[in-house]
Amino acid sequence: MNLLKREAGGSLAEDRRVQALGVVAVLALAAVPFTTTDALTGLILTGLVYIMLGVSWDLIAGYAGQISLGHAAFFGMGAFVSAWLTTPGGAGLPPSAQLPLLAAILVGGIAAALIALVIGPIIFRLTGHYFAIGTLALAAVIELVMLDRRDLTGGATGYYINADIGLGEMISHGDMMFLLTLLATVITVAVTYYIVKGPAGLGMKAIHDDEDAASSLGVNPLKYKMYAFVVSSFFAGLAGALYAHHSLYINAQSTLAVTWTVDSLIVVILGGMGTFVGSFFGAALFLLLDNGLSAIVGGLATTVEGILIILFIIFLPSGLYGLIEDNLVEEISGSGADTDVDADAEIAND
Amino acid sequence: MVASDLVVQSVANGLLLGGIYALAALGLSLVFGIMDVVNLAHGHMLMVGAYIAILIFAATGITPLVGMFLAIALMFGFGVLLQKVLLQHVVDEGLEQPIIVLFGLALVLQNVGRILLGGDARTADLGIPGNGFDLGFVFLSLPRTVTFVVSVLLIVATWALLQYTKTGQAIRATAQNRTAAKYMGIDTDRIYVITLGIGTALAGAAGALLSMIFPIDPYVGWSYLLTTFAVVVLGGVGSVLGTLVGGLVIGVSENLGALFLGGGYRNVVSLLIFLGVLLVRPQGLFGSGGGS
């Protein structure tokens, strides 16, 4: 069954039907706050946050090949920095530090990007396993320091955020935050797509496949790693800032916890690493699992998720995207459809 | 200013704790050195070993020093199974897959631990009466002293196993050059199975010993992973002596960090040492260069 056709070597995103599908999906999502309950809106907003986290983690891990286990730190710092700016009183900052919500959220993302910019040159002295553990350690240090700074994070009580951008009776604050998150998701997806399809994406793939070879061919590994790291951290921070201002409450223990790294990873692994659109499927499946499983198996949900990660990465490394591509997409023209499918599978396998 | 006798006491406690850290790190170091895999679930395996000892102690009152041997046996079996069922598919297949499989395993262990045992911290005690040793200038508590001695004995035993047994020689040969070892007739797949078995067994042993000193909850895995990895980095991958020294250094620094900066910074100190050493001397203080 081949629903979609694709030029050999081309991208599905160039298919007009896929583009149309994207537009329809965004329009349908835009209608969500007006047609569903607040609870469902919040749920779908979480799904959008998962997409932002997945797409941004895929950029650094799937494309640039740097398995960062510190994504949660950027999400959490984006959340806290933006919260300090909309609600300066909670952290003992002067009221003059207050920014409008939109600016505060943007600054949250920028702060996360700045952290990445500063620590990038240091942490990228590590490669492979050392980089993975190094980023995990870095996130742990940030979490421990923030937990200790009760004046800034509200400690165990957490940090309550004052913000309201609702438009009176018409649109509530939660609905506006949903629309903002949708906009941010579209921007995240568009910018990341532009990067991975452009020359920078090629550079990232080159250092992913063989850093030494790429380096000897004049590709500067640090430049592309930094590029991926800073952009990825910016979107993670933005996701954190949006999430914080939707829930209006954050807590150092949960907002900076490794859980968010786990979530980013699950979304990408389920969808397929380095496949870009895989993150959409991954986020959707994860949202279903996270809520469906909690209802069915209760506390065992994390166990099932852990097992799924293990099974997917071993037996289905190209994820849901790989399944869809194998079953629904037909290669047209080109010298040999088979060889091209193999090449794709290889890229996804990397 | 902190009184100097507190500092001396803190250093002594750190040294005794460092012995267990070294034992815990040895398993991580072996697996990393031989299989080129960082066991991200190592801290969680330690947690499981601790729970085995705690449950036995709670049910029967048998000292964790005995329970430790059951933890070693069970965790060895777990490691063997893990390699045979899951990891053999992904080891030597590049970087991402083993990391992610073990990350997933860590999640599973943490979650299962929380469901079976609840989120509360639990602890065992030595189960042997005694007061420890007062040396005048410093006091060595009995559980800390006993666990230190047992840790060092287990480290020496592991070293002897690697040094003097046929299997140990095969493991070291595989670590040096897998392909050459294979040509020499060594069943390297079996060596991987045994290595992971020993690695997880050592984590189990260290967990059982730690349960007598610190409370254990299902979430301690990440923090012990990072602490033990700090030891590995400090000592150099695959170096037994280096691991012992690294363990002592981390144990002492953590205790001094907690003394001077407050308990919340206990882990921050070892993490900063770890990042610092990685950046300045990535091959460790004693290592001859680890994998990447």
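Lettering follows sequence order; numbering is per chain, from 1.
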Might you work through the side-chain contact (heavy atoms from CB on, under 4.5 Å) test for B:Arg114 and A:Thr302, ending with a clear yes or no?
CA-CA 11 Å; B:Arg114 192 183 59 75; A:Thr302 315; 5.6 Å; no
As a quick check of understanding, evaluate side-chain contact (heavy atoms from CB on, under 4.5 Å) for A:Leu136 and B:Leu225, giving each step before the final call.
CA-CA 10 Å; A:Leu136 188 65; B:Leu225 168 70; 3.7 Å; yes
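The contact list for residues 221-232 of chain A toward chain B, using heavy atoms and a distance under 4.5 Å, is empty.
Ranked by non-hydrogen atom pairs under 4.5 Å with chain B, the options A:Val258, A:Ile309, A:Ile133, A:Leu138 are led by A:Ile133. The choice from A:Leu311, A:Val262, A:Val304 that makes the most heavy-atom pairs within less than 4.5 Å of chain B is A:Val262.
When each of A:Ile67, A:Ile269, A:Leu69 is tested with B:Phe103 by the rule side-chain contact (heavy atoms from CB on, under 4.5 Å), just one qualifies, namely A:Leu69.
Of the atoms belonging to B:Ile115, it is side-chain heavy atoms, and not backbone ones, that fall under 4.5 Å from chain A. With a 4.5 angstrom heavy-atom cutoff, B:Leu105 touches chain A via backbone and side-chain atoms both. In this structure, no portion of A:Phe312 lies under 4.5 Å from any heavy atom of chain B. Interface residue B:Leu226: only side-chain heavy atoms are found under 4.5 Å from chain A. For B:Val90, the part lying near chain A is the side chain, with the backbone staying farther off; criterion is any non-hydrogen pair under 4.5 Å. Neither the backbone nor the side chain of B:Leu109 comes within less than 4.5 Å of any heavy atom in chain A.
Distance check, rounded to the nearest 0.5 Å: CD of B:Glu96 to NE2 of A:His208 gives 4.0 Å. Atom CD1 of A:Ile142 sits about 11.5 Å away from atom CG of B:Leu271, to the nearest 0.5 Å.
The shortest distance between side-chain heavy atoms of A:His129 and B:Ile99 falls below 4.5 Å. Residues A:Ile122 and B:Leu275 form no side-chain contact, since every pair of their non-hydrogen atoms from C-beta on lies 4.5 Å or further apart.
For B:Asn255, the side-chain hydrogen bond (donor to acceptor under 3.5 Å, both in side chains) partners two or more places apart in sequence, or in a different chain, are B:Arg266.
Using modelled atom types, no side-chain atom of B:Gln97 and backbone atom of A:Ile314 make a donor-acceptor pair closer than 3.5 Å.
Minimum interatomic distance between B:Ile100 and A:Leu265 (heavy atoms only, all atoms of both residues): CG2-CD2, 4.0 Å.
For B:Phe274 and A:Tyr130, the ring centers sit 6.0 Å or farther from each other.
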